[in-house]
Amino acid sequence: MNTKTKNKSYDVHAIGRRKTSIARVYLAKGGSGKIKVNKMDISDYFGNATCRYVVNQPLNLLKIADKYDLNVNVTGGGYTGQAGAIRLAIARALIKLEAESRPELKKAGFLTRDSRKVERKKYGLAGARRSFQFSKR
């Protein structure tokens, strides 16, 4: 954990994963709704509006987007996988703070870990399942 995370008092810590991405979310009560991803503002880190929407889904569902400050450390994968990992971590952190919000988050599917990963390439094939082009002659 870096020193900046240690100095500020965060109430809850949660981890989320998606594909090869791992997100660690530190949630502080009484904030103004700031979300920092890898020490950058969320709009600077995620240029894609869809990724920002995915990250904010649990907060928007519970209508508490401006109640908490979030500090997120995320590694691995691409932007879509990272956004999914952050969403899961935020949902898990919110449950630790407000247990009564669990049914609502569960119904929306934000607590389910998406286990899909890229299938490995097999020997004798061009990809995971794709074979090389067949020619009769």
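Because the structure is predicted, anything quoted here is derived from the model rather than measured.
When the side chains of ILVMFWY residues are joined at heavy-atom separations under 4.5 Å, either directly or via intervening members, Leu70 and Leu94 end up in a single hydrophobic cluster. Cluster annotation: Leu105 is connected to Leu59 through the hydrophobic network of ILVMFWY side chains, with a link wherever side-chain heavy atoms come within less than 4.5 Å. Linking ILVMFWY side-chain heavy atoms closer than 4.5 Å, directly or via other members, places Ile42 and Leu61 in a single hydrophobic cluster. Ile64 and Ile95 end up in the same hydrophobic cluster when Ile, Leu, Val, Met, Phe, Trp and Tyr side chains are linked at under 4.5 Å. When hydrophobic clusters are built by joining Ile, Leu, Val, Met, Phe, Trp and Tyr residues whose side-chain heavy atoms come closer than 4.5 Å, directly or via intermediates, Ile35 is not grouped with Tyr53.
Between the CZ atom in Arg102 and the CD atom in Glu98 there is a gap of 14.5 Å [rounded to 0.5 Å]. The structure places CD1 of Ile15 at 8.5 Å from CZ of Arg92, a figure rounded to the nearest 0.5 Å. Here CG of Asn73 is found 8.0 Å from NE2 of His13. Values are rounded to the nearest 0.5 Å. Rounded to the nearest 0.5 Å, atoms SG (Cys51) and CG (Asn56) are 11.5 Å apart. Summarising the geometry, atom CZ belonging to Arg87 is positioned 5.0 Å from atom CD belonging to Gln57; distances are rounded to the nearest 0.5 Å.
With respect to Arg18 and Asp114, a salt bridge is recorded, a charged nitrogen being found less than 4.0 Å from a carboxylate O.
Within the structure, salt bridge (charged side-chain N to carboxylate O under 4.0 Å, His left out) pairs that include any residue of residues 121-137 comprise Glu119-Lys122, Glu119-Arg129 (at least two apart or interchain).
Annotation: Lys96, atom NZ; neighbour count of heavy atoms from other residues, nucleotides and ligands within 6.0 Å is above 12.
Residues satisfying the ring-ring contact (aromatic ring centres under 6.0 Å, His included) test with Phe110, not counting sequence neighbours, are none.
Two residues are said to be in side-chain contact when any heavy atoms from C-beta on lie closer than 4.5 Å; Leu97 and Lys29 meet this criterion.
Each of Arg52, Lys36, Gln82, Lys39 was scored for a side-chain hydrogen bond (donor to acceptor under 3.5 Å, both in side chains) with Tyr45, with one residue passing: Gln82.
Using cut-offs of 30° and 60° on the angle between ring planes, the pair Phe46 and Tyr79 is perpendicular.
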